[in-house]
Amino acid sequence: MAQRVQGTEDLFGGYMRAWQRMCDVGRELFGAYGFDAIETPALEQVDTFVHGIGESTDVVRKEMFRVFSGALLPEVLERGGEGHLKPRQRMAMRPEGTAGVVRAAVEHNFVPQGGAPVKLWYAEAMFRGERPQKGRLRQFHQVGLEWLGAEDPAADAECVIVLMEYFARLGFDPAKLRLTINSMGDATCRPAYRAAVRSFILDHADEMCDDCLERAELNPLRAFDCKNDRCRAVMEDAPKLGDALCDDCRSHYEQVKRYLDAAGIAYVEDPTLVRGLDYYTRTVFEVEVEGAGVGAIGGGGRYDGLMELEGGKPTPGLGWAVGFERIYLALQSLGVDLTGEGDSCVYVACMPEQRAAAFSATLALRQAGVRTEADYQGRSLKAQFKQANRLGARLCVVLGSDEVAQGVATVRDMASHEQVQVPLDELAAYVSARL
RNA sequence: GUGGGCGUAGCUCAGUUGGCAGAGCGCUGGGUUGUGGCCCCGGAGGUCGAGGGUUCGAGUCCCUUCGCCCACCCCA
């Protein structure tokens, strides 16, 4: 039997309704904050991700699905890699949403020099070649937004505010959410800080795990994320980002916090919070659900250097993304239903001799916009009622010989058991009014 | 990449020292000559993930393989 690819899922039934609901709630909320929808290709040139996300990140080094046309694949295999291909022939499935949106912004010059900021949101599938586990898939879905051209700390705060509002509208109890924030510095202060952390780790090399030693060279800040207790203990004494921030970054961070305070947003400062994508600068944040066991359900931050990395003019930017599958699991663990009820419907039941009349009545109801179901298996009236019940039909229209002879239909209210007779030519109007 | 767990009916799972493949739910027919949910009675539905081996005999033991779940890493 054919089966789906490892780490992928089919979205259907309540699961699909939950995804659609996440998109619908987002569209309404983000619209109020001035965000327009965008959809970028699932396929981008590899360099778009390498430049944006960073060569040293796991996402780029280990998790991207590379893509070649069937014509190029033999060539790649024979020559032992894609290095000889032209840049435009090296493609990858997007592992995250920001790089593609920023590439589009550069390519279409969404933010001309001195122009107004552009605000975009998306809801798309992402792809990462990891081993699947709870809340982690190889094809998963993120809703995210990007705000390009705004340097104001108010934008950082508003980003966080709209994120928390989104969670609230999806049904999360704000008390169960833990928002952590930090500032990662910028091009002025981070390189020196990075070097300081690197030498700190190397000075304590004999106390740290191999992973952290590797991190020292690739991305020293990530050592703060190490789960190893010994490494954690050592890193307690490492230089702190907060002490190393330049005046501009410190001032920016302070203002962001003031805006958050003013908006009544609860947050925890975590000086070790380091987002795993290299493009982040200054403000970063992450949201977890207590006890859900699915990791972070959302995260993001500022990326003032990213537009340049993608070949654009210097343009500040920031954004975040949330993971649909994790939010779905987290809400489930909190007992919140995101799946919604199926649309209420009407069932048309009939006796075999009246099938033609039922056919016409069904069509008339549907043309009036009423979700209508009927029997297509020639089953007994009893079975048809059972089916109507299972589908959650509010009304059941019965067409038997008596009804058709009189030019009427019996309409039964499934909950109250009330039955009334309605002339066939008024059926659609009557049913529409009742729903 | 590393380490655990699991593949038996549509779903959730039992299956004893190797001896006729089971239950609950769901589906379906009837109990009701034209009426659902509850109840009662009947029925259908299985290459036991796949391939090979041991055996008189394998869901069960051995080998191989595919797949899924969970954890580490990293991340949404």
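Letters go in sequence order (proteins before strands), and every chain restarts at 1.
The side-chain ring of A/Phe324 is not stacked on the base of B/A76, judged by centre separation under 5.5 angstrom and plane angle under 30 degrees.
Remark: B/G34 base-pairs with no nucleotide; criterion is Watson-Crick or G-U wobble with both hydrogen-bond distances under 3.5 Å. Both distances falling under 3.5 Å, in either a Watson-Crick or a G-U wobble arrangement, place B/A23 opposite B/U12.
Nucleic acid contact class of A/Lys386 (heavy atoms, under 4.0 Å, all strands): sugar-phosphate only. Residue A/Ala388 is classed as having no contact, given no heavy-atom separation below 4.0 Å to the nucleic acid. Across all strands, A/Gly295 comes closer than 4.0 Å to no nucleic acid atom at all (heavy-atom distances). A/Val59 comes within 4.0 angstrom of nothing in the nucleic acid, heavy atoms only. Counting any heavy atom pair closer than 4.0 Å across all strands shown, A/Ser401 reaches a base atom.
The listed nucleotides are B/G30, B/A76, B/G34; the one nearest the side chain of A/Lys382 is B/G30. Between B/A76, B/G36, B/U28, one nucleotide has an atom nearer to the side chain of A/Arg275 than all others, and that is B/A76. When the nucleotides B/U35, B/G36, B/A76 are ranked by their closest atom to the side chain of A/Asn389, B/G36 comes out on top. If you check B/A76, B/G36, B/G34 against the side chain of A/Arg412, the one that comes closest is B/G36. For A/Arg390, taking side-chain heavy atoms from C-beta onward, the closest of the listed nucleotides B/A76, B/U28, B/U35 is B/U28.
Aromatic pair A/Phe172/A/Tyr166: ring centres not closer than 6.0 Å. Between A/Phe200 and A/Tyr193, the ring centre distance reaches or exceeds 6.0 Å. Taking the ring centroids of A/Phe30 and A/Trp121, they lie under the 6.0 Å cut-off.
Between B/U8 and B/C41, the two P atoms lie 29 Å apart (nearest whole Å).
RNA chain B is contacted by both A/Arg379 and A/Gln419; A/Arg379 maps to the nucleotide lying nearer its 5′ end (nearest heavy atom per residue). Each of A/Ala383 and A/Gly400 lies near RNA chain B, and the nucleotide nearest A/Ala383 is the one positioned closer to the 5' end.
A/Tyr376 carries A/Arg355 over the face of its six-membered ring, with the cationic atom under 6.0 Å from the centre and within 45° of the normal.
Side-chain N or O atoms of A/Arg103 include none that pairs as donor or acceptor with a backbone N or O of A/Gln45 at under 3.5 Å.
Under the 4.0 Å criterion applied to side-chain N and carboxylate O atoms, A/Asp24 and A/Arg27 are assigned as salt-bridge partners. Salt-bridge formation is detected for the pair A/Asp413/A/Arg434: a Lys NZ or Arg NE/NH1/NH2 atom is positioned less than 4.0 Å from an Asp or Glu carboxylate oxygen.
With hydrogens and angles ignored, no donor-acceptor pair under 3.5 angstrom links the side chain of A/Glu130 to the base of B/G1.
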Pairwise N/O distances under 3.5 Å, protein to nucleotides 69-71 of chain B:
unit_1: B/C70; atom_1: OP2; unit_2: A/Lys134; atom_2: N; d: 3.0
unit_1: B/A71; atom_1: OP2; unit_2: A/Gln133; atom_2: OE1; d: 3.2
unit_1: B/A71; atom_1: OP2; unit_2: A/Lys134; atom_2: N; d: 3.2

